[in-house]
Amino acid sequence: MSIGPTRVPPGDAALVPDTAGTSCTHCGLAVAPRDVRAGEPAQFCCAGCRTAHEIITAAGLGRYYEFDERRREAVVPASADHAAFDHPTFHELYVTHGPGGTSTVQLHLEGVHCASCVWLVERIPLVLDGVLRAELDVTRALATVTWDAARVPLSRIAANLEALGYRPHPFRGLKAEAMRQAEDRAMLVNIGVSGAIATNVMLLAIALYSGFTSRAGTLEPVFETGFRWLSLVLTAVSVAWPGRVFFRTAFQALRQRTVHVDVPIALALGAGFVRGAMNTVTDSGPIYLDGVALLIFLLLVGRFFQQRAQRAAVDSTELLHSLAPASAHLVDGDAERDVPAEALLPGMVVAVRANETIPADGTVRSGVSVVDLSLLTGESRPEPVAPGDLVYAGTLNLGAPLTVHVERAGEATRVGTLLREVAAGAARRAPTVAYANRVGGWFVWLVLALAAITYVVWRQLDPAHALDAAIAFLVVTCPCALALGTPLAITVAIGRAAKQGILVKGGDALERLATPGTIVLDKTGTLTQGRMALAAWQGDDDARALALALERETAHPIAAAFVAAWPGLAAPPARDVEHVLGGGVRGTVDGHRVIVGSPRFVLGEGVAVPDWVTAPLPDAALTPVLIAVDGAAVARAGIGDPLRPEAAAAVRALERRGWRVRVLSGDDPAVVRRVGAQLGLADGDVQGGVTPERKLAVIEALARTEEPVVMVGDGVNDAAAIARASVGVGVKGGAEACMAAADVFLSAPGLVPLVQLVDGSARTLRTIRRCLWVSLFYNLIGAVLAMTGLINPMLAAILMPISSVSVVLAAWKSRTFDAPEVRA
Amino acid sequence: MMVIWIVLPLALVIVSAAVWGYVWASRSGQFDDTTTPAMRAVFDDER
């Protein structure tokens, strides 16, 4: 990234690499020939980019176009206005007030990528008078905006961000934020302090060891005593300040009567320090203090990796969490105003425009439309609604505008109840028994038993050295590499998985995915594309252009399937187009009278129908659509939600790896059976017509007998089941609730990432095992030396870093998620 | 070798000063965001 030293006038098209035709001055994408305006220096691919460019140049921020690296994405502003940002409820929830009438809000911005975004967003104060400061954290896409509410409303700031291409959402994680910050800072302080002490104690130790080993005895006794005392003082600080975290967790584990890797760690640290202190005071024997100080530092570094891994995944899901419908159009007499969805109460009336999400549960008061229930129920066919019908929050209004009488809002809605199930499911999930902790369990007992044996045996042989030998054993077998290797291997795996578009929230999910069990797949949106497509066509091919001409005029999802099916087909213009809701569409095309719609509707129009048109479609899962021209049905189309092309191959790949694959869907049982047959699954493993509540029950029943049970889904209807499963996986394009509940989120489309995830998890567990063996091997050497009394503090001081370094290397070199080798 | 009695306390003072500085920086949030400030530094010239 660099900014050219010379000022190039903004709007100079030469700045943008132009490979094919004209490219957009703002975003650099190609400009369609019909949008090129001859004679103008600046060309735009869309109105959004034009507006953004105007704002930028009007504020004198033309330097934005000098960045080499800019977002290559057209600006698509939402039709919604931003009045909800000014509502008192919004301010109560998200805005904090500073001195002098200033207000501060944290906003999640969509589309933030690189330095040019930081530059532009932080120059909002120059664009809008009254904005005092804007700061962007680019990794988390989180902007902190401070403004003077008396001079500019927040809605205008939001509108400006939107116009520049950064859609703002209120940041909902405000409460957790302070805690997270305190945790992060405390961790950094601990690592820094323990690192500084460890290096200094080791410097002293080098002097001590060289004095020990040299025959001439170069270290004078007075210095030796002094250095030992200084080591003691420094190590005491390290144990009491950064090291206290280990004692705390070990104490907690003991109080809950469980063992934890922190128990032997705390024991080794405590015993090593106490014995070191005693030997310092009595001026005899080894002190082990350098080992203790170094242990604290290395163990904290291991813990730091662990925390980082969890953070990275939380960050990536945080944004998704902020994307819920934030505002609703409240109908107030004749006027409409935008309020935050949180401010809705039963009895209010809201307007829901076409292609908007319904903000609350209620009954339709006016308007007829079709509603996409797929996120809530998994039903792939849109449902028609008319006045008096129930509609649910979280579903999508596809057709015409509706007004809805709110009956339940917020937490009381069906979605809200499901979300509570999600939270409960996550809490109910069995406590994670991570592999390292399991190993740690018997490791702890083994170490304690062997230490006791060492002490008892040495007491018989040489009572004066018995305690030292036992403590040397404890220090040398301290599971440092164990505590460092596992989190590092998982961190590396999570980082590499993220690069492949697989976002993993916790290492335990990877460990559970490593052994094959049952995978339960949702159908709509997971196995299928989640949208209607033309799957079959019978009859007259010439009718295609006529049907397309009519369907182009309609916003219905079935119409979209026609438009998507024949992108290159030229269609004549249609006249007198009439929509019949829940039936079809009729009009005049090229002098012909054309009717397209459901068989019931077309037959009702009194057209001649040949026999083959009324026969069942070859594929029972498809919805038939008839095309009639001039009073006779001439063609029939089959519309359905098609399987993803790679679905069958992915299912086979999973089965080859030993997984049992099942399908659980809310869609029509006939459709689901058909999909199961296409995937080659047994009928008993495929279940359709399952309500969200039933899905949860099925997963619970499976989880009682099998381990692990993996639930893969995309909708709110899957969320409770995802939260209950041993591993929940959310797929791209899914609902927010589903993302919140999932342990793993696949941000690349399709099922190939799922196979990658399973393979990568198996490799990660192998890496963890390798790290464990390496560290156990070093511990074994150390243990044998300590038990036979051959250990001396210097040997321990050399052995420990070598074991840590080799484990770190083993974890680092692991090829967990590197090679996406998915063969069909 | 008596110089050690001067050098050693001096070294300790310097180390504690560095540690104090680091602790202050961590606690005041200097390491909260380690990506954006590096980008900001490149274009801070005109403000």
Side-chain angles (χ1 to χ4, degrees), chain A residues 1-3 60-61 63-64 66-67 69 112-123 125-126 135-144 177 180-182 184-197 199-200 203-204 207 218-220 222-223 226-227 230 233-234 237 241-242, chain B:
Chain A
M1 178 203 68
S2 71
I3 304 173
L61 297 176
R63 267 180 57 119
Y64 171 72
E66 293 169 31
F67 281 97
E69 186 189 10
V112 168
H113 298 297
C114 57
S116 67
C117 298
V118 179
W119 189 84
L120 196 53
V121 169
E122 298 196 341
R123 265 147 196 78
L126 299 177
E135 263 181 36
L136 181 67
D137 178 339
V138 76
T139 31
R140 300 174 64 198
L142 198 58
T144 311
E177 180 68 7
R180 167 203 167 120
Q181 217 167 48
D184 277 357
R185 291 175 184 178
M187 178 59 105
L188 281 174
V189 167
N190 282 345
I191 288 183
V193 171
S194 64
I197 289 176
T199 45
N200 280 285
L203 277 177
L204 292 170
T218 46
L219 204 63
E220 290 166 44
V222 60
F223 288 125
F227 283 3
L230 193 55
V233 171
L234 287 174
V237 175
W241 184 4
Chain B
M1 282 298 277
M2 284 307 142
V3 72
I4 281 185
W5 299 125
I6 301 161
V7 175
L8 205 62
L10 192 67
L12 283 178
V13 167
I14 293 171
V15 165
S16 4
V19 167
W20 178 84
Y22 172 79
V23 168
W24 169 83
S26 302
R27 287 196 174 153
S28 66
Q30 300 293 314
F31 302 115
D32 282 0
D33 177 5
T34 48
T35 318
T36 324
M39 297 176 169
R40 216 173 273 147
V42 182
F43 43 69
D44 250 351
D45 50 330
E46 62 179 310
R47 249 208 277 211

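Note that this is a predicted model, so its numbers are computed, not measured. Protein chains get the first letters and strands the later ones, always in sequence-line order, with residue 1 at the start of each.
Scanning residues 15-22 of chain B against chain A with a 4.5 Å non-hydrogen threshold yields B/Val15, B/Val19, B/Tyr22, sorted by number.
Atom CD of A/Gln181 sits about 14.0 Å away from atom CZ of B/Arg27, to the nearest 0.5 Å. Rounding to the nearest 0.5 Å gives a distance of 4.5 Å between CD1 of B/Ile4 and CZ of A/Phe227. One finds the CE atom of A/Met187 at 12.0 Å from the OG atom of B/Ser26 (value rounded to the nearest 0.5 Å).
Proximity to chain B is absent for every atom of A/Ile197, based on heavy atoms less than 4.5 angstrom apart. Of the atoms belonging to B/Ser28, it is backbone heavy atoms, and not side-chain ones, that fall under 4.5 Å from chain A.
Residues meeting the side chain to side chain donor-acceptor pair (under 3.5 Å) test with A/Asn200, sequence neighbours left out: none.
Pairing each heavy atom of A/Leu136 with each of B/Thr36, the nearest pair is O-CG2, 2.8 Å.
Side-chain contact between A/Leu230 and B/Leu12 is present, with at least one heavy-atom pair separated by less than 4.5 Å. Residues B/Leu8 and A/Phe223 form no side-chain contact, since every pair of their non-hydrogen atoms from C-beta on lies 4.5 Å or further apart. Using a 4.5 Å heavy-atom cutoff, the side chains of A/Asp137 and B/Asp32 are not in contact.
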